[in-house]
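Contents: one structure, followed by commentary.
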There are 2 protein chains.
Amino acid sequence: MDLGKRKQMILQAIVEDYIATAEPVGSRNIAKNHDLGLSAATIRNEMADLEEMGYLDKPHTSAGRVPSQLGYRFYVDSLMHRYSATVEEIENLNTALHQRYVNLNSVVSVVSDIISKITKCPTVMTLPAVNSAKVVNVKMLMIEKNLALIVVVLDGGSVRNKKVKVSGNITYRQVDAISDFLNSQLAGLGAKDIDESRIMLIYGAMGQYKDFLKVVLDFVLECLQSNITEVYVGGASNILNHPEFCDIDRARDFLRFIDNRENATKVLSLTNGGDSDVKIIIGDEAGLEEMRDTSIVLANYHAGGILSGKIGVIGPTRMDYARIVSSLETINAQLEGILTAVFYNEE
Amino acid sequence: MDLGKRKQMILQAIVEDYIATAEPVGSRNIAKNHDLGLSAATIRNEMADLEEMGYLDKPHTSAGRVPSQLGYRFYVDSLMHRYSATVEEIENLNTALHQRYVNLNSVVSVVSDIISKITKCPTVMTLPAVNSAKVVNVKMLMIEKNLALIVVVLDGGSVRNKKVKVSGNITYRQVDAISDFLNSQLAGLGAKDIDESRIMLIYGAMGQYKDFLKVVLDFVLECLQSNITEVYVGGASNILNHPEFCDIDRARDFLRFIDNRENATKVLSLTNGGDSDVKIIIGDEAGLEEMRDTSIVLANYHAGGILSGKIGVIGPTRMDYARIVSSLETINAQLEGILTAVFYNEE
DNA sequence: GTTAGCACTCACTTCACCCGAGTGCTAACG
DNA sequence: CGTTAGCACTCGGGTGAAGTGAGTGCTAAC
């Protein structure tokens with residue numbers, strides 16, 4: 001039971017009008033504003049059909065029609081025209097994006113704020129995570145008496161460090177020696193390469209420092225395994241721009257939900273089954289009670305095969321999908337360069 | 001013109017009732033609920049006086065009275081009883097606080113969320129900043145061909161690093177030598193010790209690496225000077241718990257304001273002239289248009305003389321000052337231990 | 001100085017009413 | 001037979017009048 005050309009045109013008109021005005025759209029308005037060559041009455045008949053087929057909803061008898069979740073889905077999959085950003089828009093975006101970033105952390109917060117601003121919607125974004133994880137370099141330095149600093153450099157270049165107390169009688173020189181040895185043993189290895197036998201080998205060679213080595217090895221493993229995808233929520237208050245959230249209770253429910261890091265993470269890990277780079281999840285497709293009336297446009301971003309992360313823009317189901325998808329695509333294109341630059345300059 | 005005992009009692013009753021109910025309080029209710037031994041009529045007279053003196057406001061003729069900003073100020077300065085947390089409350093707090101923290105960053109986000117939860121108000125909090133800044137250790141290591149990692153350890157123990165491209169022909173050994181030399185020159189110095197003459201001395205000794213040295217020195221200075229007080233906003237949506245923000249426009253204005261990092265920073269850098277550890281800033285004392293109807297309870301936190309930062313709880317001027325002050329004090333007491341522990345284990 | 005009494009004020013609620021956008025149906029038209 | 005004009009009907013939202021009740025301010029008595 002697929003939709004005829006005419007029904008599709010009408011559905012598209014309704015979805016777009018509704019996205020633009022947030023008001024239920026009536027047959028007469030479609031007849032007037034869209035040049036379909038049809039009278040209001042005809043459109044009315046088609047609308048009745050579309051409602052019966054589940055593509056439209058009626059808030060009440062004497063209001064116009066509103067797209068149902070199915071309607072949005074069909075629109076997004078089949079009717080939505082690709083909106084391409086104008087040169088001017090891209091330029092504005094570039095000037096906003098190209099600023100001095102202190103670190104990757106700040107890229108995420110700044111970029112998600114920018115996205116919020118241009119989409120007028122809350123944005124969730126994960127920190128770029130390093131894809132693979134192998135040890136490039138392990139180094140220990142004494143930074144004061146009895147306190148050593150372990151520095152672990154991972155491939156892709158992220159650097160982590162940890163301070164460790166050293167029991168009294170290990171000298172500076174010994175730490176140096178341990179450092180060099182450990183580095184020779186671990187450089188190039190990933191988490192699964194550092195197995196029981198490897199550890200035994202290390203202990204065997206430097207048994208007298210076993211306690212100290214254990215702490216270091218644990219930390220190295222933690223670095224390799226930890227995939228701390230911290231999530232940042234930008235411009236949450238933007239949800240209040242949308243008339244569907246002018247009800248204070250609904251607004252509160254949403255803001256409470258998204259204020260919670262775990263929930264934000266959940267949102268970002270959604271999928272709609274497809275494998276395209278930008279995913280659209282509409283209403284309860286998310287399977288999250290609190291997101292029943294919202295949609296999410298999700299994009300993956302990448303930088304040089306090293307870093308990757310996710311960006312999600314959250315809005316009412318009535319959100320302007322075309323524009324938001326295009327914004328995300330444009331930003332994604334810029335992001336790669338910025339991330340790589342920041343990543344290689346600082347950490 | 002100071003307030004007589006009776007006026008003070010009545011003012012206190014009004015402030016506390018209003019804080020509890022969020023409704024303008026009338027003379028009759030005070031007579032009934034507080035055992036002042038006075039009739040409603042007498043209280044009415046005193047209230048008229050208090051209004052004339054500026055301690056009370058009247059939303060309109062036929063409503064009860066509401067504390068004015070001056071009224072709150074007097075209450076906070078002179079009438080507020082110290083509320084001390086119960087053993088149970090402290091214990092609950094402790095179980096919430098004592099969890100595994102990945103780093104100082106996560107302490108801030110977790111703690112501010114906890115504070116938001118118990119105060120039912122938005123919380124702003126800065127990352128702990130290192131008080132003094134002297135170089136303890138500078139170290140460079142080659143992490144791949146042409147790429148060196150500079151590690152700077154500051155006193156207090158914060159560690160920062162940066163990757164630097166190295167022009168082709170500097171060897172691993174040479175970097176080691178530069179590293180040792182630079183460390184010997186810089187260890188123990190603060191920003192102002194690294195002056196022109198010191199830099200000349202370094203260039204003089206190792207002139208052939210001047211370009212590389214310049215990058216390293218710039219980074220060291222940046223570490224010493226930078227006081228990046230990143231700010232975290234927790235539980236912003238809590239503002240919606242308060243009836244004064246049930247108006248969607250007011251809620252939006254506030255949330256927009258606090259969503260902006262710069263504004264959050266502004267809030268935390270407020271002062272009320274006093275020097276006590278917990279400051280209360282009421283209404284337009286903040287001098288921020290958007291905070292006209294809100295108050296802020298500000299506290300400094302410290303850890304071992306090394307770290308310090310600020311916590312601010314934001315609520316309507318009608319907020320429960322006594323309870324919030326006490327909560328902040330209790331948390332502050334716990335925070336020191338947690339911060340020191342995290343700080344010395346990881347950074 | 002304190003209190004009881006009373007007239008007055010004013011936000012808030014309720015209710016009836018109307019208006020208008022929009023629908024669904026029917027009958028006529030090409 | 002699909003399309004269209006016409007018309008009765010629906011129903012949310014807006015308006016204004018009336019009623020309600022908490023609270024005040026004043027006055028006079030205790």
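Values in this document were obtained by computation on a predicted structure and should not be read as measured data. Below, chain A is the first sequence line, B the second, and so on; all start at residue 1.
Proximity note for Asn29(B) (side chain, C-beta onward) versus dG25(D), dG23(D), dA4(C): the nearest is dG23(D). Comparing atom distances between the Ser27(B) side chain and each of dG24(C), dT3(C), dT24(D) picks out dT24(D) as nearest. The nucleotide whose nearest atom lies closest to any side-chain atom of Lys58(A) is, among dT23(C), dT3(C), dG25(D), dT23(C). Residue Ser62(B) has its side chain nearest to dC10(C) when only dT10(D), dC10(C), dT3(C) are considered. The Thr42(B) side chain lies nearest to dT2(C) when the options are dG12(D), dT2(C), dG25(D). Each of dT3(C), dC10(C), dG25(D) was ranked by its minimum atom distance to the side chain of His60(B); first place goes to dC10(C).
Heavy-atom contacts from other residues, nucleotides or ligands closer than 6.0 Å to CZ of Arg261(A) number more than 12.
Between the P atom of dA21(C) and the CE atom of Met47(A) lies a distance of 16 Å, rounded to the nearest Å. Spacing between atom CD of Glu23(A) and atom C1' of dG12(D) amounts to 12 Å, rounded to whole angstrom units. For the pair Asn45(A) CG and dG24(C) C1', the computed distance is 9 Å after rounding to whole Å. Rounded to an integer number of Å, the gap from CG of Asp57(B) to P of dG23(D) is 17 Å. Atom C1' of nucleotide dA5(D) and atom CG of Leu38(A) are separated by 15 Å, given to the nearest angstrom. Taking atom CG on Leu56(A) and atom P on dG24(C), their separation rounds to 11 Å, with Å as the unit. When the P atom of dG1(C) is taken as reference, atom NZ of Lys5(B) falls 21 Å away, rounded to whole Å. The CG atom of Leu36(A) sits 14 Å away from the C1' atom of dT3(D) (whole-angstrom rounding).
A close approach under 4.0 Å does not occur between any side-chain nitrogen or oxygen of Thr61(A) and OP1 or OP2 of dT10(D). A close approach under 4.0 Å does not occur between any side-chain nitrogen or oxygen of Arg65(A) and OP1 or OP2 of dA21(C).
Using a 4.0 Å heavy-atom distance criterion, Ala41(B) is classed as a base contact.
Side-chain contact between Met80(A) and Gln12(A) is absent, with no heavy atoms from C-beta onward closer than 4.5 Å. Side-chain contact between Asn332(B) and Val278(B) is absent, with no heavy-atom pair separated by less than 4.5 Å.
One can find a donor-acceptor pair under 3.5 Å joining the base of dG5(C) and the side-chain atoms of Arg44(B). Under 3.5 Å, the side chain of Arg28(B) and the base of dG23(D) form no donor-acceptor pair of N or O atoms.
Heavy atoms only, all atoms of each residue included: Gly312(B) and Leu268(B) are closest at N-CD2, 3.6 Å.
Relative ring orientation between Tyr72(A) and Tyr18(A) is described as tilted, the plane-to-plane angle lying within the 30° to 60° band.
The partner of dC30(D), taking Watson-Crick or G-U wobble pairs whose two distances both stay under 3.5 Å, is dG1(C).
Looking at which nucleotide of DNA chain C each of Gly37(B) and Glu51(A) is closest to, the 5′-most match is held by Gly37(B).
In terms of modelled atom types and a separation under 3.5 Å, the side chain of Thr42(A) and the main chain of Leu38(A) share no donor-acceptor contact.
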